[in-house]
Amino acid sequence: MQHVENYTPQFYPVENPPMRWAKKTMIEKPPVWCSVDLRDGNQALITPMSLEEKLAFFRYLVKIGFKEIEVGFPAASETEYLFCRTLIEENMIPDDVTIQVLTQAREHIIAKTFEALQGVKHAIVHLYNSTSVAQREQVFKKSKEEIIEIAVRGAQYCEECRQKTPGNFRFEYSPESFTGTEPEFSLEICNAVLDVWKPNAERPVIINLPVTVENSMPHVYANQIEYMNDHLKYRENVVISLHPHNDRGCAVADSELGLLAGGDRIEGTLFGNGERTGNVDIVTLAMNMYSQGVDPNLDFSNMPELVEMYERVTHMHVYERSPYSGQLVFAAFSGSHQDAIAKGLHWREEKQCKHWTVPYLPINPQDVGRVYETDVIRINSQSGKGGIGYLMESKFGYHIPPKMRESFGYLVKDVSDHAHKELSPDEVLRIFQKHYVNIETPISLPEIHYVQKDGGVIESAVTIAYQGKTETISMTGNGRLDAVSNTLKKYLDMDFALTTYAEHALEIHSDSKAVSYVGLEKDGKTYLGVGIHSDIINSSISAFLSALNHLVEDVK
């Protein structure tokens with residue numbers, strides 16, 4: 001890469017950090033969640049959401065369990081202002097939900113913000129100003145003292161407006177570009193704001209420490225959070241909030257390590273929508289906790305519905321490989337993966353396991369509204385006998401014997417390979433039916449009669465139709481299938497061995513049928529057939545005939 005010399009780290013690490021967070025191995029309780037989809041997420045859309053779309057999104061956020069929702073920047077535009085007023089005037093905010101609004105530390109913007117909140121029951125007023133070295137030097141051209149004065153004046157005016165406005169108002173302060181700010185200065189400006197607001201148990205203050213632009217590895221951010229956690233004033237009445245962006249692709253890691261380091265709250269968006277590479281993906285973050293046995297207190301049990309709603313109102317697309325939510329994240333095309341998953345699912349059923357430990361599946365896809373047969377076992381030229389066998393069993397009720405499973409697996413892979421496409425479950429079933437089930441050419445058996453002889457011997461009179469001729473031949477055997485087999489051996493003057501036989505009830509419809517599987521071997525080669533009939537004897541004869549027809553076609 002050219003011009004690498006133009007770049008240097010743009011962050012300010014904590015000196016000699018204690019790194020107590022590094023000894024922890026998991027997040028043991030969920031944070032307070034605040035969705036910023038309707039503000040931070042919305043402002044990043046090519047076409048911002050309409051009022052109706054924002055209202056639909058808000059209702060869904062409430063439905064899945066968000067108790068704090070940032071609804072916009074009311075002073076920024078008429079649309080933002082109208083949305084806030086609609087939520088309040090139409091009484092759309094549940095009593096246990098708090099809306100949050102953003103404002104710069106400027107008096108006329110703060111005044112407009114409180115005007116937009118008239119009549120609200122509960123609200124968080126989120127005040128911010130930028131504190132980073134780059135912003136101070138290049139944008140505001142102000143000293144540290146002048147930047148602190150902006151924040152303090154804004155905090156004082158927020159307090160004045162709160163005194164004059166009915167409602168339950170909490171405050172939040174963000175030193176924007178926190179990760180590009182010296183830790184000591186971030187602490188100084190946050191403490192100055194806290195001295196104005198004087199948080200207490202009844203009215204705690206949120207200090208939001210954003211990764212406005214991600215420019216360091218996650219452990220650097222965790223050290224910064226731990227530093228603030230150790231030194232903020234009024235800490236017992238301060239909620240430390242994290243707001244990571246994803247410029248380096250590490251927003252989830254920033255959040256997880258930040259929570260270990262003392263964070264209490266997460267601001268993010270569903271599926272990580274946001275400016276540049278996006279905000280932290282709350283779905284991924286929450287589901288990571290869920291996968292380790294921690295209830296995130298958000299309901300993602302119907303992921304397909306959530307994805308549909310999100311794509312409809314934002315006109316964005318959830319990437320197929322997005323963790324937990326993408327169309328392909330549970331899909332197994334590889335034969336070895338499919339085999340391991342199928343065996344793991346059977347093992348769980350046999351052992352009645354309490355905990356989920358299935359290979360290749362970090363969570364049970366059914367817990368987020370996905371289906372094994374269509375979302376997990378996906379069939380193409382890379383698939384294997386285990387996955388195909390599991391699909392046929394779970395979707396259609398066929399318990400295919402091992403030898404047939406291997407043969408059928410190669411058959412399906414060959415069809416997929418030549419078609420250059422994935423095969424649907426129904427296409428796989430049609431291949432199975434066409435190749436194995438109730439095959440009556442070139443030989444058919446229009447009629448069979450059985451007679452019970454002494455000693456349990458069965459005599460069969462079999463009418464055989466082959467090559468335009470019909471003939472009836474009788475032979476005996478130790479059972480009906482054996483008697484018919486002996487009859488066909490005599491008729492064809494051919495020897496073969498019955499090496500595979502299995503049967504079970506096929507309950508794919510309300511009228512249960514019997515399915516039989518037969519394998520015939522001749523000269524070291526196996527020929528397989530399946531029979532389906534309401535009568536188990538007829539199904540076994542059909543399976544035998546299907547296998548025999550494959551044999552006859554091969555040797556004639």
Side-chain angles (χ1 to χ4, degrees), residues 392 398 400-401 403-408 410-412 414-415 418 428-506 511 513-556:
M392 292 298 292
Y398 291 95
I400 302 175
K403 189 165 288 189
M404 180 176 285
R405 198 180 305 148
E406 182 175 1
S407 172
F408 182 48
Y410 283 117
L411 178 63
V412 170
D414 188 59
V415 171
H418 283 83
V428 174
L429 176 63
R430 285 195 291 271
I431 295 168
F432 181 75
Q433 291 170 330
K434 179 180 179 181
H435 190 77
Y436 294 110
V437 178
N438 295 351
I439 307 298
E440 297 188 347
T441 57
I443 297 175
S444 65
L445 307 177
E447 198 170 347
I448 305 175
H449 296 282
Y450 303 100
V451 177
Q452 182 79 45
K453 299 289 187 178
D454 292 339
V457 173
I458 299 294
E459 181 180 73
S460 65
V462 183
T463 300
I464 304 169
Y466 180 48
Q467 295 181 336
K469 299 177 182 179
T470 301
E471 185 176 350
T472 300
I473 297 177
S474 295
M475 286 292 290
T476 60
N478 57 18
R480 287 171 172 80
L481 181 57
D482 189 48
V484 172
S485 176
N486 290 336
T487 301
L488 269 298
K489 287 179 182 177
K490 177 181 178 182
Y491 174 78
L492 294 169
D493 190 23
M494 181 186 296
D495 193 32
F496 49 80
L498 195 154
T499 57
T500 300
Y501 182 79
E503 63 183 42
H504 63 81
L506 183 63
D511 53 336
K513 293 186 177 182
V515 58
S516 301
Y517 309 88
V518 166
L520 302 177
E521 186 173 310
K522 178 175 174 55
D523 300 330
K525 190 171 182 180
T526 298
Y527 303 88
L528 301 161
V530 178
I532 299 176
H533 198 276
S534 57
D535 177 78
I536 186 63
I537 298 300
N538 288 335
S539 81
S540 65
I541 299 303
S542 291
F544 164 77
L545 181 61
S546 297
L548 181 66
N549 277 320
H550 285 305
L551 188 158
V552 170
E553 288 282 16
D554 189 46
V555 301
K556 71 177 182 180

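Atom set for the values below is all heavy atoms of this structure, side chains included, hydrogens, waters and symmetry mates excluded.
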Exercise for review: List the steps and the verdict of side-chain contact (heavy atoms from CB on, under 4.5 Å) for Val518 and Ser540.
Suggested key: CA-CA 7 Å; Val518 166; Ser540 65; 5.6 Å; no

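- The shortest side-chain heavy-atom distance between Glu471 and Tyr466 does not fall under the 4.5 Å cut-off.
- Counting heavy atoms from C-beta outward, Asp523 and Val555 have side chains that stay 4.5 Å or more apart.
- In the displayed structure, Lys522 atom NZ is contacted under 6.0 Å by more than 12 heavy atoms of other residues, nucleotides or ligands.
- Among residues two or more places apart in sequence or in another chain, the salt bridge (charged side-chain N to carboxylate O under 4.0 Å, His left out) test is passed with Asp554 by Lys525.
- At a threshold of 4.5 Å between non-hydrogen side-chain atoms, the residues Tyr398 and Leu429 count as touching.
- For the atom pair CD1 of Ile400 and CE of Met392, the computed distance is 4.5 Å after rounding to the nearest 0.5 Å.
- Between the CG atom in Leu411 and the CD atom in Glu406 there is a gap of 12.5 Å [rounded to 0.5 Å].
- With sequence neighbours excluded, the residues forming a salt bridge (charged side-chain N to carboxylate O under 4.0 Å, His left out) with Glu553 are Lys556, listed by chain and number.
- The CD atom of Glu521 sits 4.5 Å away from the OG1 atom of Thr526 when rounded to the nearest 0.5 Å.
- Two residues are said to be in side-chain contact when any heavy atoms from C-beta on lie closer than 4.5 Å; Ile464 and Thr472 fail this criterion.
- Take Gln467 and apply the side chain to side chain contact (heavy atoms under 4.5 Å, CB included) test, not counting sequence neighbours, and it matches no residue.
- More than 12 heavy atoms of other residues, nucleotides or ligands lie within 6.0 Å of OH in Tyr501, so this atom counts as buried by the packing criterion.
- Residue Ser539 holds its OG atom at 8.5 Å from NE2 of His533, rounded to the nearest 0.5 Å.
- Contact between Thr487 and Ser474 at its shortest, heavy atoms only, is OG1-C, 4.3 Å.
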Do any side-chain atoms of residues 542-551 form donor-acceptor pairs under 3.5 angstrom with protein atoms, and if so which ones, sequence neighbours left out?
unit_1 : atom_1 : unit_2 : atom_2 : d
Ser542 : OG     : Asn538 : O      : 3.1
Ser546 : OG     : Tyr436 : O      : 3.4
Ser546 : OG     : Asn438 : N      : 3.2
Ser546 : OG     : Ile439 : N      : 2.7
Ser546 : OG     : Val530 : O      : 3.4
Ser546 : OG     : Ser542 : O      : 2.8
Asn549 : OD1    : Ile443 : N      : 2.8
Asn549 : ND2    : Ile439 : O      : 2.9
Asn549 : ND2    : Thr441 : O      : 3.4
Asn549 : ND2    : Ile443 : O      : 3.1
Asn549 : ND2    : Leu545 : O      : 3.3
His550 : NE2    : His435 : O      : 2.5

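- Within the 4.5 Å cutoff, side-chain heavy atoms of Met404 are placed close to those of Phe432.
- Every residue two or more places apart in sequence or in another chain that forms a side chain to side chain contact (heavy atoms under 4.5 Å, CB included) with Asn486 is listed here: Met475, Asp482, Lys489.
- Residues forming a side chain to side chain contact (heavy atoms under 4.5 Å, CB included) with Tyr450 (at least two apart in sequence, or on another chain): Ile448, Ile458, Ser460, Arg480, Val484, Ile537, Ile541.
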